[in-house]
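What follows is one structure encoded as structure tokens, with my remarks underneath.
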Amino acid sequence: MMKLISKASIIAIIICCSALVTKAQVGYDFSQYEIGAAAGFNTVSGDAQTKTMTPTFHLNLTYNATPFVNIVFEAQLGQLAGGDSLHTSSGRQFTTDLSSFQLRAQLQLGEVLDYSHSQFNNVLKNLYIAGGLGLAVSHITAISRISNTNPVYYTPGVLNSQEPFIPFRIGYEFKVFNKYQQPAFKVDLGYEYNLVLSDNLDGYTSGSHYDVYSQFVIGFKFAFGGAITSYRKQIPY
């Protein structure tokens, strides 16, 4: 009889301890993988005299080393455009199909801030900076090289290019938690500055400066897979 009571007591203690451990982990766990999509609104700072906003569609895969340190691989498809062939002195105007691929590392302030006792820091923790390396593939679909006001004025360039670029990004990630207090869904608002390491993105080669295209981005990410791990501190507060 005593043996049965002892066994029952041990089992009860194990169950209680397991429950306490499980409860203690609520708010600490996160998924290491996410898949997402986004829309970008782009302008080019190149050799055309005026800017035009154009859309791109983004797909990304994220590996979360922690909830606040992220490695993102992203593909972007869409168009870039700029210029005005009728109303500018250079006559430059272009449209290009863009395919780009980038790998970037992202650091959110929650990795370095103590947000457990500060509502202000709790808001700031989702602010991030990011940088990396990418490849932009440009195929010019329409271009004007001759000035309307000065027909002798001609701007040379290439119609197709594959150029490396450096993405710099700042943004904010709104996290939505599931019933286990794990980040399950995210809304990502960002601004990205892409420094192209050539003067060929817009189809014009004029001067010695590099082309740049910038983006305002809104995106969504979803946690997936069974790779759940724990963080060193509670994620939501």
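Every value quoted in this text rests on a predicted model; they were computed, and no experiment measured them. Numbering of residues begins at 1 and proceeds along the displayed sequence.
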[X] [atom1] to [Y] [atom2] distance, which is reported to the nearest 0.5 Å:
| X | Y | atom1 | atom2 | result |
| --- | --- | --- | --- | --- |
| Lys221 | Ser31 | NZ | OG | 12.0 Å |
| Tyr237 | Asn121 | OH | CG | 12.0 Å |
| Asn122 | Ser116 | CG | OG | 9.0 Å |
| Ile143 | Asp202 | CD1 | CG | 7.0 Å |
| Ser45 | Asp211 | OG | CG | 9.0 Å |
| Asp199 | Ser161 | CG | OG | 10.0 Å |

Run the numbers on Gln49 and Asp84 for side chain to side chain donor-acceptor pair (under 3.5 Å), then give the verdict. CA-CA 7 Å; Gln49 290 174 267; Asp84 186 335; over 6 Å; no

Joint cluster assignment, [X] & [Y], ILVMFWY side-chain distance < 4.5 Å:
| X | Y | answer |
| --- | --- | --- |
| Ile170 | Val212 | yes |
| Val187 | Val123 | yes |
| Val112 | Val69 | no |
| Leu197 | Tyr193 | yes |
| Leu109 | Phe174 | yes |

At their closest point, which heavy atom of [X] faces which heavy atom of [Y], and how far apart are they?
| X | Y | result |
| --- | --- | --- |
| Ile235 | Phe68 | CG2-CZ, 4.3 Å |
| Ala38 | Val217 | CB-CG1, 3.7 Å |
| Gln181 | Pro236 | OE1-CG, 3.4 Å |
| Leu77 | Ser99 | CD2-OG, 3.4 Å |
| Thr66 | Phe30 | CA-CZ, 3.6 Å |
| Ala136 | Leu98 | CB-CD1, 4.1 Å |

Residues Gln102, Phe165; criterion side chain to side chain contact (heavy atoms under 4.5 Å, CB included); working and verdict: CA-CA 9 Å; Gln102 63 175 266; Phe165 70 93; 4.0 Å; yes

Atom [atom1] of [X]: over 12 foreign heavy atoms under 6.0 Å:
| X | atom1 | value |
| --- | --- | --- |
| His209 | NE2 | yes |
| Leu159 | CG | yes |
| Lys51 | NZ | no |
| Gln162 | CD | no |

So that I know where these two stand, are [X] and [Y] an aromatic pair - ring centroids less than 6.0 Å apart?
| X | Y | result |
| --- | --- | --- |
| Tyr128 | Tyr172 | no |
| Tyr191 | Phe216 | yes |
| Tyr63 | Phe73 | no |
| Phe222 | Phe185 | yes |

After noting the C-alpha distance and the side-chain angles of Gln106 and Glu173, does the key distance pass the side chain to side chain contact (heavy atoms under 4.5 Å, CB included) rule? CA-CA 11 Å; Gln106 182 170 288; Glu173 189 177 84; 3.8 Å; yes

Donor on one side chain, acceptor on other, [X] and [Y], under 3.5 Å:
| X | Y | value |
| --- | --- | --- |
| Asp29 | Ser230 | yes |
| Thr56 | Gln76 | no |
| Ser214 | Thr43 | yes |
| His139 | Asn160 | yes |
| Gln215 | Asn42 | yes |
| Glu163 | Asn200 | yes |
| Gln93 | Ser85 | yes |

Please determine if Arg232 and Glu111 form a salt bridge, counting it only when a charged side-chain N lies under 4.0 Å from a carboxylate O. yes

Presence of salt bridge, Arg145 and Asp47, under 4.0 angstrom: no

Apply side chain to side chain contact (heavy atoms under 4.5 Å, CB included) to residues Ile166 and Arg104 and explain how you reach the verdict. CA-CA 9 Å; Ile166 301 173; Arg104 64 178 185 267; over 6 Å; no

Do [X] and [Y] have side-chain heavy atoms sitting under 4.5 Å apart?
| X | Y | value |
| --- | --- | --- |
| Leu124 | Leu113 | yes |
| Ile71 | Thr62 | no |
| Lys175 | Asn126 | yes |
| Ser90 | Tyr153 | yes |
| Leu201 | Leu80 | yes |

Strictly distance-based, threshold 3.5 Å: is any side-chain N or O of Asn194 a donor or acceptor partner for the main-chain N or O of Tyr213? yes

Begin from the C-alpha positions of Arg92 and Thr155 and carry the test side chain to side chain donor-acceptor pair (under 3.5 Å) through to its verdict. CA-CA 8 Å; Arg92 298 170 188 157; Thr155 308; 2.9 Å; yes

Classify the ring geometry between Tyr204 and Phe94 as parallel (under 30°), tilted (30 to 60°) or perpendicular (over 60°). perpendicular

So Thr96 and Ser138, side chain to side chain donor-acceptor pair (under 3.5 Å) or not? Walk me through it. CA-CA 6 Å; Thr96 185; Ser138 171; 2.6 Å; yes

Before you tell me yes or no, could you show the steps for Leu127 and Lys125 under side chain to side chain contact (heavy atoms under 4.5 Å, CB included), namely the whole-Å CA-CA distance, both residues' side-chain angles and the distance that decides it to 0.1 Å? CA-CA 6 Å; Leu127 187 69; Lys125 70 183 181 183; over 6 Å; no

